[in-house]
Amino acid sequence: MISIQELLKQEAQKACKNLFGEESLTAAINVGITNKEFEGDYTVVVFPLVRFSKLSPEKTGEALGTYLKENTDYINDFNVVKGFLNLRLTAAFWIKNLEERSQKKELTIFSAKKEKVLLEYCGPNTNKPLHIGHLRNMLLGFSVSEILKETGSDVTKVNIYNDRGIAICKSMAAYIERGNGETPESSGIKGDHFVGDYYVMFGRIVEEQLRAKYKVSGEENVFKAIGKDREIAEQETPIFELAKKLLLQWEANDEYAVNLWKRMNGWVYDGFKKTFDVLGVDFEKDYFESETYKLGKDIIDEGVAKQVIYKRVDDAMAIDLTADGLDEKVLLRSDGTSIYITQDLGTAKLRHDEFKMDKMIYVVANEQDYHFKVLKLALQKLGKKWADGIYHLSYALVESPTGRFKSREGKTADADDLIAEVLRIAEEKTKEHGKIEDFTAEDAQALYKTIGLGALKFFILRVNPFKKIIFNPEESIDFHGQTGPFIQYTHARIKSVIRKANIASLTLNQQTELSETERQIIQQLSEFENILIDAAAKYDPSEVANYLYNLSKLYNKFYNESPIIAAKSEDEKTLRIALSSITARTIAKGMKLLGIEVPEKM
RNA sequence: CGCUCCUUAGUUCAACGGAUAGAAUAGAAGUUUCCUAAACUUUAGAUACAGGUUCGAUUCCUGUAGGAGCGACCA
């Protein structure tokens with residue numbers, strides 16, 4: 001279906017051709033929604049047309065407006081202000097638009113693009129619980145995939161677990177030293193936190209052992225006292241030796257080390273799964289670094305054969321990207337073992353062999369912009385056509401007002417804690433309002449979850465991905481104003497009215513009068529498809545989030561100024577119900593694309 | 001040193017190169033015999049700085065200042 005803006009654009013182009021001649025078609029005709037302060041629905045900017053009309057901006061606008069009014073049946077009126085032609089469409093046009101919308105079973109219809117998209121998101125390390133950064137990643141990844149699906153792509157969501165390496169071995173070492181056979185079950189601690197706690201404990205053991213070795217008292221900062229950084233100093237400790245030994249054993253497939261590794265990672269996956277379920281995110285396929293970390297060497301060989309990759313004097317394999325403004329990049333260590341980029345090259349190829357996708361989207365923080373530039377470019381240089389479809393959906397970090405959240409400093413940025421906190425607030429606020437006395441305890445819990453997560457998800461998704469989010473853990477997430485609960489409330493409010501209105505037919509009378517706000521709502525509703533197309537093209541859910549907020553805001557204004565059930569006439573009542581109903585459906589649909597549920601009552 | 005990104009009310013976010021820069025929140029003042037007041041109405045408050053391109057610049061270009069990230073045979 002063609003959008004109204006597109007329709008007007010074409011109409012204006014035809015008009016210009018007739019009025020000012022063929023060549024005026026080369027001018028970009030700019031149609032936008034009219035600003036609130038002016039009279040009109042859509043605005044054509046006439047400045048670019050002046051050189052063809054050879055008239056003043058005002059005269060050009062007048063000419064175009066007159067022509068459009070005479071040659072269409074839906075343009076009611078126009079005015080020209082300083083080179084802006086404001087067009088007013090007829091009420092009948094808007095009512096017809098509303099009616100068509102209300103009769104469609106699906107709010108939006110997009111033809112399938114048959115584009116196969118693989119979207120990787122989340123990517124946790126198994127030695128630490130999920131934090132607020134993962135939250136942004138997951139909410140973004142999930143929402144983008146929903147939006148892409150909605151607009152016609154075939155999306156497969158995958159996760160990659162960074163499940164091997166020295167980090168998890170540190171947790172294992174600490175567990176061997178201090179675990180005493182405890183398990184998440186015996187301690188009642190969620191699996192990922194359980195293992196994460198031992199990672200933290202590893203750090204403490206390092207400090208203890210250094211204090212003992214250098215006789216530093218408990219008061220002083222031990223690293224300052226001995227004048228070494230943690231990364232250097234820890235290597236002198238027995239606990240680090242143990243971790244390193246475990247890593248070597250693991251790589252040698254030693255039974256003890258592998259079993260412990262499996263056991264501890266198993267706890268972590270159980271813990272992660274709980275968080276994924278609460279958030280409502282999922283993956284069609286899991287990848288594990290432990291299974292892919294040796295991949296990519298065949299690609300290096302291929303590159304050598306093609307003379308794209310070469311062996312340096314120090315035996316490391318490298319690729320020269322200086323012609324593209326990047327540096328020389330080592331792709332394989334001189335001892336022949338792989339590094340991060342090696343396995344990413346291999347994994348990319350593996351996935352392409354497996355899925356033959358057109359696009360591969362990596363949802364990864366902007367710290368890795370350079371890495372993904374290299375990855376894509378290297379694959380392209382190797383002649384992989386499909387590398388053109390690689391896209392790094394880069395997002396900025398979530399920071400506290402004082403800067404980056406440090407995993408070492410307390411739990412302020414922990415995902416599970418944050419979720420628990422918003423659920424608690426949702427419960428508290430809901431009880432304050434006291435509108436759900438008739439709910440069962442189970443339904444009430446479900447509602448707290450809907451509202452709490454709605455607040456959290458909207459808080460994160462409303463911000464443009466490439467802009468950093470400042471989150472102050474001292475102040476809790478808001479439930480009033482520009483928030484998820486505001487939109488959810490609008491939905492519940494509409495549902496309540498519709499339940500009470502008890503109306504069967506939604507046949508509209510096109511002669512009904514429209515208020516300014518009603519007109520704006522219908523116009524806003526008609527923009528929904530455009531917003532989705534835009535959001536999909538930019539991989540940006542914040543467009544949807546802001547749209548839904550504006551729609552809800554407009555609706556609440558309308559709700560306050562116009563009686564619905566007690567409208568003056570039946571026609572008016574039917575129109576307002578139809579308007580309300582489609583607004584609710586649009587909100588529900590849009591929120592679903594953000595991964596947010598909407599309640600019938602709250 | 002080089003490259004990339006960011007800088008808009010006290011604070012958190014908006015604004016295809018378009019009109020008098022929108023919201024929210026915090027502040028002040030109002031609205032509930034009526035459909036859900038988690039709402040609505042009124043009020044005050046911002047484009048880091050200096051140039052340039054343009055009919056028109058928060059947006060594009062150059063420079064300056066401030067912040068972040070990257071430039072690993074770490075991930």
Side-chain angles (χ1 to χ4, degrees), chain A residues 5 28 30-32 34-38 43 45 47-48 50-51 57 81-84 86 123 125 162 165-167 231 289 312 314-318 325-327 329-344 365-371 373-374 394 396-397 399 401 403-404 426 429-430 432-433 435 451 455 459 462-464 466-472 475 478-483 485-490 492-501 534 542-543 545-546 549-550 552-553 555-567 576-577 580 601-602:
Chain A
Q5 285 189 43
N30 189 340
V31 180
T34 303
N35 284 10
K36 264 191 231 147
E37 314 87 79
F38 300 94
T43 297
V45 183
F47 288 109
V50 170
R51 39 191 271 254
V81 183
K82 286 195 281 182
F84 295 91
N86 301 316
N125 295 329
N162 301 305
I166 188 69
E231 288 69 34
E289 195 198 344
R312 298 201 311 197
D314 58 3
D315 281 351
M317 308 302 283
L326 304 181
D327 295 327
K329 174 74 187 175
V330 169
L331 302 179
L332 196 66
R333 285 198 189 98
S334 44
D335 64 5
T337 57
S338 31
I339 51 177
Y340 181 40
I341 188 84
T342 325
Q343 61 166 302
D344 261 9
N366 64 5
E367 303 166 290
Q368 296 193 26
D369 286 353
Y370 187 77
H371 172 78
K373 258 190 218 169
V374 171
S394 167
L397 300 171
E399 293 180 12
R404 208 166 163 164
K429 301 236 177 205
T430 304
E432 271 173 31
H433 287 103
K435 292 180 190 169
I451 297 173
F459 173 78
R462 68 186 253 253
V463 182
N464 190 315
F466 70 78
K467 285 190 140 182
K468 70 178 176 202
I469 294 179
I470 307 286
F471 170 63
N472 187 351
E475 301 165 15
D478 222 328
F479 282 61
H480 296 274
Q482 196 169 5
T483 66
F486 171 86
I487 298 169
Q488 292 172 323
Y489 170 75
T490 308
R493 190 180 222 190
I494 294 173
K495 287 301 188 152
S496 169
V497 176
I498 290 175
R499 277 193 298 270
K500 287 186 179 160
D534 231 42
S542 75
E543 305 240 344
N546 287 311
Y549 170 70
N550 289 328
S552 302
K553 179 104 182 122
Y555 183 85
N556 282 314
K557 184 178 159 146
F558 156 75
Y559 184 92
N560 271 276
E561 63 191 25
S562 315
I564 298 167
I565 296 173
R576 288 178 182 170
I577 295 287
S580 302
K601 195 173 171 183
M602 70 185 269

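FYI, side chains are in, hydrogens and waters are out, and symmetry mates aren't considered; it's all heavy atoms of this structure. A, B, ... follow the sequence lines: proteins, then strands. Residue 1 opens every chain.
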Determine, answering yes or no, if [X] is stacked on [N] under the 5.5 Å centre rule and the 30° plane rule.
| X | N | result |
| --- | --- | --- |
| Phe486(A) | A38(B) | no |
| His480(A) | A24(B) | no |
| Tyr549(A) | A23(B) | no |
| Tyr489(A) | A39(B) | no |

Looking only at atom [atom1], what distance separates [N] and [M], rounded to whole Å?
| N | M | atom1 | value |
| --- | --- | --- | --- |
| A57(B) | A50(B) | P | 15 Å |
| U62(B) | C3(B) | P | 11 Å |
| A44(B) | A24(B) | P | 14 Å |
| A23(B) | U41(B) | C1' | 16 Å |
| A72(B) | A14(B) | P | 33 Å |
| G45(B) | U25(B) | C1' | 13 Å |
| A21(B) | U8(B) | C1' | 8 Å |

Categorize [X] for me: base, sugar-phosphate, or nothing, with a 4.0 angstrom heavy-atom threshold over every strand shown.
| X | result |
| --- | --- |
| Thr430(A) | base |
| Val463(A) | sugar-phosphate |
| Ile469(A) | sugar-phosphate |
| Thr43(A) | base |
| Asn472(A) | nothing |
| Arg312(A) | base |
| Lys435(A) | base |
| Thr342(A) | nothing |
| Ile564(A) | base |

Tell me the partner of [N], counting only Watson-Crick (N1-N3 plus N6-O4 or O6-N4) or G-U wobble (N1-O2 and O6-N3) with both under 3.5 Å; none if nothing fits.
| N | answer |
| --- | --- |
| C49(B) | G63(B) |
| U31(B) | A39(B) |
| A44(B) | none |
| C1(B) | G71(B) |
| G22(B) | C13(B) |

Would Thr490(A) and Asn556(A) satisfy side-chain hydrogen bond (donor to acceptor under 3.5 Å, both in side chains), going step by step from the backbone distance to the final call?
CA-CA 7 Å; Thr490(A) 308; Asn556(A) 282 314; 3.1 Å; yes
So if I take every side-chain heavy atom of Ile470(A) and compare against U12(B), A23(B), U7(B), which nucleotide ends up nearest?
U12(B)
For C40(B), does OP1 or OP2 lie under 4.0 Å from any side-chain N or O of Lys553(A)?
yes
Distance-only polar pair, side chains of Ser394(A) and Asp369(A), donor-acceptor under 3.5 Å
yes
Pairing of Arg312(A) and Asp314(A) as salt bridge, 4.0 angstrom limit:
yes
Answer yes or no on whether Arg462(A) is positioned over the face of Tyr549(A), meaning its NZ or CZ is under 6.0 Å from the six-membered ring centre and within 45° of the axis.
no
With RNA chain B as reference, determine whether Phe558(A) or Lys468(A) sits nearer its 5' end, using the nearest nucleotide of each.
Lys468(A)
